[in-house]
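Here is how names work: the chains are called A, B, and so on, in the same order as the sequence lines, proteins then strands, and each is numbered from 1. Values reported hereafter were calculated over all heavy atoms of this structure, with side chains retained and with hydrogens, waters and symmetry mates removed. Everything numeric in this text was worked out from a predicted model, so none of it was measured.
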Number of protein chains: 2
Amino acid sequence: MDGNKVRNMEEFAMLSGISRPTLSKYFHDPESVRNSTRDRIEKALAEYDYRPNIFAMNQNRRTTNNIGIVVPFLADPFFAEIARNLEQRCIAAGYSPILFSAHGDPALEVEILDSLRSQKPAGVLLAPLGRASDRRHIEKFTAEVPTVLFDSRIPDMGSAFVGMDNTQSMRMLVNYLCESGSPPNFLEMRVAVNPNVNRRRIAYVSAMEALGHMPEIVRIDGEGWEFEDIGLQGGLTAFATGRFTSNTILCSNDRLAIGLLSAAYRSNLTVGRGENTDFRIAGHDDHPFSRFTCPALTTVSQDYGSISDKSLEILFELINSEKRSEIGSDCLFDGILIPRASA
Amino acid sequence: MDGNKVRNMEEFAMLSGISRPTLSKYFHDPESVRNSTRDRIEKALAEYDYRPNIFAMNQNRRTTNNIGIVVPFLADPFFAEIARNLEQRCIAAGYSPILFSAHGDPALEVEILDSLRSQKPAGVLLAPLGRASDRRHIEKFTAEVPTVLFDSRIPDMGSAFVGMDNTQSMRMLVNYLCESGSPPNFLEMRVAVNPNVNRRRIAYVSAMEALGHMPEIVRIDGEGWEFEDIGLQGGLTAFATGRFTSNTILCSNDRLAIGLLSAAYRSNLTVGRGENTDFRIAGHDDHPFSRFTCPALTTVSQDYGSISDKSLEILFELINSEKRSEIGSDCLFDGILIPRASA
DNA sequence: AAAAGAAGTTGACGCGCGTAAAGTTTCTAA
DNA sequence: TTAGAAACTTTACGCGCGTCAACTTCTTTT
């Protein structure tokens with residue numbers, strides 16, 4: 001390209017010898033013009049370095065080409081990884097992803113949704129904060145914008161949901177732990193940040209009861225999204241005061257488990273499935289770092305790829321179908337047991 | 001708000017009894033109108049739920065209210081944490097941050113820059129991929145858009161840079177390790193992803209030589225951004241084949257060190273600064289997870305807050321000053337030694 | 001080769017807001 | 001109180017592109 005800056009489509013029409021409406025069609029969908037025309041346009045494009053003004057483009061469109069991705073806490077590598085998957089799939093599908101993190105703040109989540117609405121996105125993939133979310137606001141949003149909720153289900157919310165089957169995964173984990181050693185305690189934060197934790201606790205209880213074991217739940221203090229630190233502090237206290245009734249601890253998620261591993265290490269307790277260890281520890285989610293803890297963490301894998309694929313598949317259906325209300329069903333994926341050295 | 005949807009500013013002008021140009025001023029800067037007028041507008045705003053069309057707004061502005069934040073790999077919690085800091089500070093300063101990750105892909109980095117340019121951002125905070133970046137492209141971009149580079153310096157690039165002083169931090173780390181035990185080996189990836197690593201190696205060598213020690217560099221194979229895995233695999237091999245000439249290993253960054261810790265654990269080697277341990281391991285960056293490794297990782301802290309603050313401070317200067325070319329100096333922060341149990 | 005259909009051209013209007021000019025009202029200060 | 005400044009209103013045009021209607025040119029079909 002010559003670097004000649006072309007101011008607008010009109011000017012580019014002059015230079016390329018193509019009429020402006022045809023150019024408009026081309027930029028909306030390159031396949032919609034004749035091959036010979038497309039060639040001429042692209043030849044001119046290579047020469048003159050013109051890009052249509054996106055603001056003017058979007059002003060008159062009912063929806064843009066953008067897909068919003070909203071996660072509750074991006075500094076959590078779990079969400080970073082999911083976001084990465086979603087982004088790449090959006091791009092592959094010809095959309096422009098826009099990424100937002102609520103940073104654990106419900107007010108920010110509301111703001112993000114508001115600003116997103118005014119950006120007329122084609123659709124939105126939303127992992128809500130959960131318990132702290134402003135449900136009315138989210139409901140209103142989903143009514144206006146094609147939205148797929150993922151990771152964290154909000155009860156009675158009409159839109160589609162993609163996530164994992166906590167009941168299945170916890171049962172699997174409990175069964176595995178019971179078969180390979182003593183029945184586990186369940187470790188969770190006193191204040192649950194999202195409904196997944198509640199479902200996991202319930203699933204834990206029923207899985208334990210089904211095996212004829214007494215469920216035992218250990219709750220630790222701490223609020224916010226610094227799960228590792230909460231797991232560490234709570235774990236130190238719990239180990240020191242002997243709050244665990246089993247040598248096997250099942251944590252409500254991997255980040256808590258990572259903190260607990262650290263607490264065990266600092267308490268001079270060994271962790272692992274061997275004979276001479278003090279504790280076994282398991283988590284849930286297959287957090288990107290769980291492979292590298294010492295010992296590596298036994299957990300249940302959420303299949304990031306499948307969840308991403310399915311979320312987008314449903315979203316595209318929503319976008320392309322007029323009657324949005326019809327698709328409101330949940331789609332739950334089974335977790336896969338990832339046995340590692342910790343349990 | 002009644003939920004009455006107002007289509008445009010003209011209609012809102014009718015309903016509120018304020019002229020459209022005044023409303024336009026208000027939305028551009030609420031402080032620019034008289035108190036009584038602002039009150040009337042905000043009263044109407046509460047009643048009618050109107051938001052100006054951002055596309056129409058931005059079409060006629062030379063620059064928008066947006067600040068682009070581009071990082072090389074968002075699934076790396078280090079960048080997630082920096083991005084979080086930057087985002088929150090942008091919001092506090094009245095800007096709208098837009099977050100992008102190149103996902104380790106130079107082509108995507110170029111695309112992001114291109115699409116960013118057409119969005120007329122007020123400014124951009126860019127942590128380039130480094131070695132793999134398309135330098136010409138970035139240079140062209142920085143010439144058009146006020147840009148502050150951070151984390152990874154690109155040599156001879158004209159724009160401002162904020163980062164950390166690798167020479168200082170490595171010297172500090174080497175001194176600490178030598179005082180408290182044997183002089184360290186330096187562990188790095190054979191293929192450096194960014195210039196920081198090179199600078200750290202050089203700083204390591206000169207710090208060692210200054211103390212009269214023989215520098216020893218261990219390079220491990222592996223490409224890409226999966227540093228932990230590379231550290232793990234490379235570490236396993238290195239331990240097995242006895243490639244280390246010291247019991248103290250200084251890694252070029254924390255993620256590599258986390259992998260190496262895992263390799264040591266799997267090789268039944270103990271790590272720590274105690275008498276009876278096999279190895280001491282240290283990293284660099286104070287990665288969010290380094291506090292929770294077993295043992296906790298000794299490292300050098302990059303002060304996320306200061307780097308974010310300074311980056312934005314310089315960016316705002318760039319935005320508000322006409323002659324951009326003048327501000328081209330580096331701003332380097334000292335690291336802070338974080339001694340933990342691993343070394 | 002003629003007719004039908006697809007694709008392109010010309011011309012024109014509208015989107016919602018920025019912004020300038022000219023006139024009017026309201027505030028500020030002496 | 002009153003002049004002057006500041007803020008507001010009215011009017012009008014422009015931004016760059018979407019899109020429609022009517023017409024022309026090119027491609028395809030039998």
Inset, instruction - Check the pair A/I67 / A/F316 against side-chain contact (heavy atoms from CB on, under 4.5 Å), numbers first and verdict last. - result: CA-CA 10 Å; A/I67 287 189; A/F316 294 153; 3.8 Å; yes
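A straight line from CD1 of A/I54 to C1' of D/dG18 spans 16 Å, rounded to a whole angstrom. In this structure, B/Y26 places its OH atom 16 Å from P of D/dA7, rounding to the nearest Å. The CZ-P distance, from A/R61 to D/dC17, rounds to 12 Å in whole Å. In this entry the distance linking CD1 of A/I18 with C1' of D/dC26 reads 13 Å, nearest Å. Rounded to an integer number of Å, the gap from A/E11 CD to D/dG14 P is 17 Å.
Contact check for A/F150 versus A/S308: no side-chain heavy atoms found under the 4.5 Å cut-off.
Between the A/S24 side chain and the A/R20 main chain, no donor and acceptor come within less than 3.5 Å of each other. Using modelled atom types, no side-chain atom of A/K120 and backbone atom of A/N65 make a donor-acceptor pair closer than 3.5 Å.
Where DNA chain C meets chain A (any atom under 4.0 Å from a heavy atom), the bounding nucleotides read 5' to 3' are C/dA7 to C/dG16.
Atom NZ in B/K25 sits 9.0 Å away from atom OG1 in B/T37 (nearest 0.5 Å).
Comparing B/N58 and B/S36 by the nucleotide of DNA chain C whose heavy atom lies nearest to each, the residue mapping closer to the 5' end is B/N58. Remark on DNA chain C: of its neighbouring residues A/R20 and B/Q59, the 5'-side contact belongs to A/R20, judged by nearest-heavy-atom nucleotide. Residue whose closest nucleotide on DNA chain D sits further toward the 5' end, between B/R40 and A/E10: B/R40. Closest-nucleotide positions on DNA chain D for B/R38 and B/N60 were compared, and the one nearer the 5' end corresponds to B/R38.
For A/S24, a side-chain nitrogen or oxygen approaches OP1 or OP2 of D/dG18 to under 4.0 Å.
Between A/S152 and A/F161, the shortest heavy-atom contact is C-CE1, 3.4 Å. B/I307 and B/F333 get closest at one heavy-atom pair: CG1-CD1, 3.9 Å.
Residue contacts shown for B/P21 include a base, since a base heavy atom lies under 4.0 Å away.
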